Number of protein chains: 2
Amino acid sequence: MIRRRLSRTDVVQAAITFIDDNGVQALTMRRLGAALGVEAMALYRHVPGREELISAAVGELIDDLFNDDLMQEKPSSWEGYFQFVANAMRKLALTHPKMFPLMITQPPDAPWLRPPLRSIRWVDYFLTSLKEYGFSDDRAVNAYKAFTSFLLGDLLLQVSALGVSPVPIAENSSDEQDNENLGDYPTVQRLQSKLAENHSAREFDDGLDDLIERLRTAMDS
Amino acid sequence: MIRRRLSRTDVVQAAITFIDDNGVQALTMRRLGAALGVEAMALYRHVPGREELISAAVGELIDDLFNDDLMQEKPSSWEGYFQFVANAMRKLALTHPKMFPLMITQPPDAPWLRPPLRSIRWVDYFLTSLKEYGFSDDRAVNAYKAFTSFLLGDLLLQVSALGVSPVPIAENSSDEQDNENLGDYPTVQRLQSKLAENHSAREFDDGLDDLIERLRTAMDS
DNA sequence: ACCTGAACACCGTTCAAGT
DNA sequence: ACCTGAACACCGTTCAAGT
């Protein structure tokens, strides 16, 4: 591959890919430089430092989602709109599971920008849309708050479940060892299969339906 | 202060205090050693490494909460029990805002251990309690899942709101600058005060009431 | 204008040595 | 048994130098 001159976008995109592949902790100016075929110090021409690079990577993902995808389409009902946004956010979280914790952990730019919906421009658009769907000011703000906390809770849980090593590496990997550990916890043991069942997609949709239902009755009242 | 010999507990507790005060990123083996009046290398006698120390700090907080507080008292109704647990968890999150993201970000030890309720022993106790309150197996598991995702979403939002610099430091701190930024976002601007209102305590309680109500109707059906 | 090389201060961690 | 000192490989970042 012939190396063009580096741009800020190149660096930020490379950081996203690197974090997706190796995790944040592995992201090093020297290693990212090497991945780009350049000395670490060249990165400082385009980005002020490591911390800011990570912020920029988060911002890039957010901006791509909200500018390129979410502002193009607008369903005819607010229920459909919520589902549209939720599914897009879910897809982003599952496509970049190593980035998602960063998206929600970095302090937001303003007190009323609630993760993971961290784009002022987009939040404005969202609230404006809710008004068009007939929400009052109070209902719109409440819906925004309820929606963010639903997304946060459900998506982080899904993402963190991905981080669990599927087969916990034990030096003594006989079944007996595992069962012995669980033996002290009879209810967990009995419900183990139910607890381990991963219906995250359905649970996400159900939770969203519940939320929508709650907001609907709140609107009618 | 006369220095006794160091114990593992001393090291872990010091790590918690250090993170509370300075954040994880500032936690350094050398600095933590200095805080304990000891060389960095002495810590390795008690803890395998930095990563494991942070895990141990998280585990310590969880264990303290669940063993010392949450297993002592058991309200007579399941609704009261949910409130009791939620309030204890909320208090922990707000007492250790810099630790909370670590509690929910570290991969859980088992697929059915959902953050922030990361104690097997305690989850077993929780599920057993729900059974005693009359929950079926399915309802108990559903309640556990809904409860964790509610706690996660709401508490992380509260904690991340704490991280926002209350007065964003701008070189040009005139009001005009701030308003110019917001000028492009009329709905956010108009709803700014409503959005910024911090009713987190009430919202938390309301959200919990909603959750309880949802679980109750699910039980009756 | 953009990248490199050398350098600085600071990491986590190992290991032999002290007491 | 517990802590120290020196050392190693690796960081982020600065700065003068190259092209």
Side-chain angles (χ1 to χ4, degrees), chain A residues 1-60 98-99 101-102 105-107 163 169 171, chain B residues 1-60 98-99 101-102 105-107 163 169 171:
Chain A
M1 178 170 70
I2 298 167
R3 281 268 335 296
R4 292 181 310 96
R5 228 173 45 269
L6 224 51
S7 74
R8 184 188 151 95
T9 309
D10 294 332
V11 175
V12 174
Q13 287 295 350
I16 294 174
T17 305
F18 194 96
I19 294 174
D20 280 341
D21 293 342
N22 310 105
V24 222
Q25 28 179 346
L27 178 68
T28 268
M29 299 306 269
R30 282 165 159 96
R31 288 207 266 246
L32 187 61
L36 285 163
V38 107
E39 295 300 312
M41 300 70 199
L43 303 178
Y44 288 87
R45 187 73 30 184
H46 304 97
V47 120
R50 181 180 186 268
E51 211 77 355
E52 296 89 341
L53 173 56
I54 294 172
S55 284
V58 168
E60 181 72 15
K98 303 239 174 82
M99 291 284 310
L102 300 175
T105 266
Q106 303 227 333
I169 298 125
E171 55 270 29
Chain B
M1 177 169 70
I2 298 168
R3 282 264 335 294
R4 292 181 308 97
R5 223 162 63 263
L6 225 48
S7 74
R8 182 188 153 94
T9 309
D10 294 332
V11 175
V12 174
Q13 288 293 351
I16 294 175
T17 306
F18 195 95
I19 294 174
D20 280 342
D21 292 343
N22 310 105
V24 221
Q25 25 177 354
L27 178 68
T28 269
M29 299 305 270
R30 283 166 159 95
R31 288 207 265 246
L32 186 61
L36 285 163
V38 106
E39 297 298 312
M41 299 70 197
L43 303 179
Y44 288 87
R45 188 72 29 185
H46 303 98
V47 119
R50 181 180 186 268
E51 212 75 354
E52 296 88 341
L53 173 56
I54 294 173
S55 283
V58 168
E60 180 72 17
K98 303 238 173 82
M99 292 284 309
L102 301 174
T105 266
Q106 303 228 335
I169 298 126
E171 56 269 31

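These numbers come from a predicted model, not from an experiment. We use all heavy atoms of the structure for the numbers below, so side chains are in, but hydrogens, waters and symmetry mates are not. In what follows, chains carry the letters A, B, and so on, assigned in the order in which the sequence lines appear, proteins first and then strands, with residues in each chain numbered from 1.
The shortest distance between the side-chain N/O atoms of A/Arg45 and the OP1/OP2 oxygens of C/dC3 is not below 4.0 Å. Side-chain N/O atoms of A/Thr28 include one lying less than 4.0 angstrom from OP1 or OP2 on D/dG12. Neither OP1 nor OP2 of D/dC10 sits under 4.0 Å from any side-chain N or O of A/Arg31.
When Watson-Crick and G-U wobble pairs are counted only if both distances are under 3.5 Å, D/dT19 pairs with C/dA1. Across all strands shown, D/dA7 forms a Watson-Crick or G-U wobble pair with C/dT13, both key distances being under 3.5 Å.
With D/dC3, C/dG5, D/dG5 as the candidates, the nucleotide lying closest to the side chain of A/Glu39 is C/dG5. Side-chain atoms of A/Arg5 lie closest to C/dA1 of the nucleotides C/dT13, D/dG12, C/dA1. Among D/dT13, C/dT13, D/dC3, the nucleotide with an atom closest to any side-chain atom of B/Val38 is D/dC3. The A/Arg50 side chain lies nearest to D/dG12 when the options are C/dG5, D/dT4, D/dG12. Checked against C/dT4, D/dC3, D/dT13, the side chain of B/His46 finds its nearest nucleotide in D/dC3.
Remark: A/Gln13 CD is packed, more than 12 non-hydrogen atoms of other residues, nucleotides or ligands lying under 6.0 Å away.
The side chain to side chain contact (heavy atoms under 4.5 Å, CB included) test with A/Lys98 singles out one residue from A/Ile16, A/Asn22, A/Ile19, and that residue is A/Ile19.
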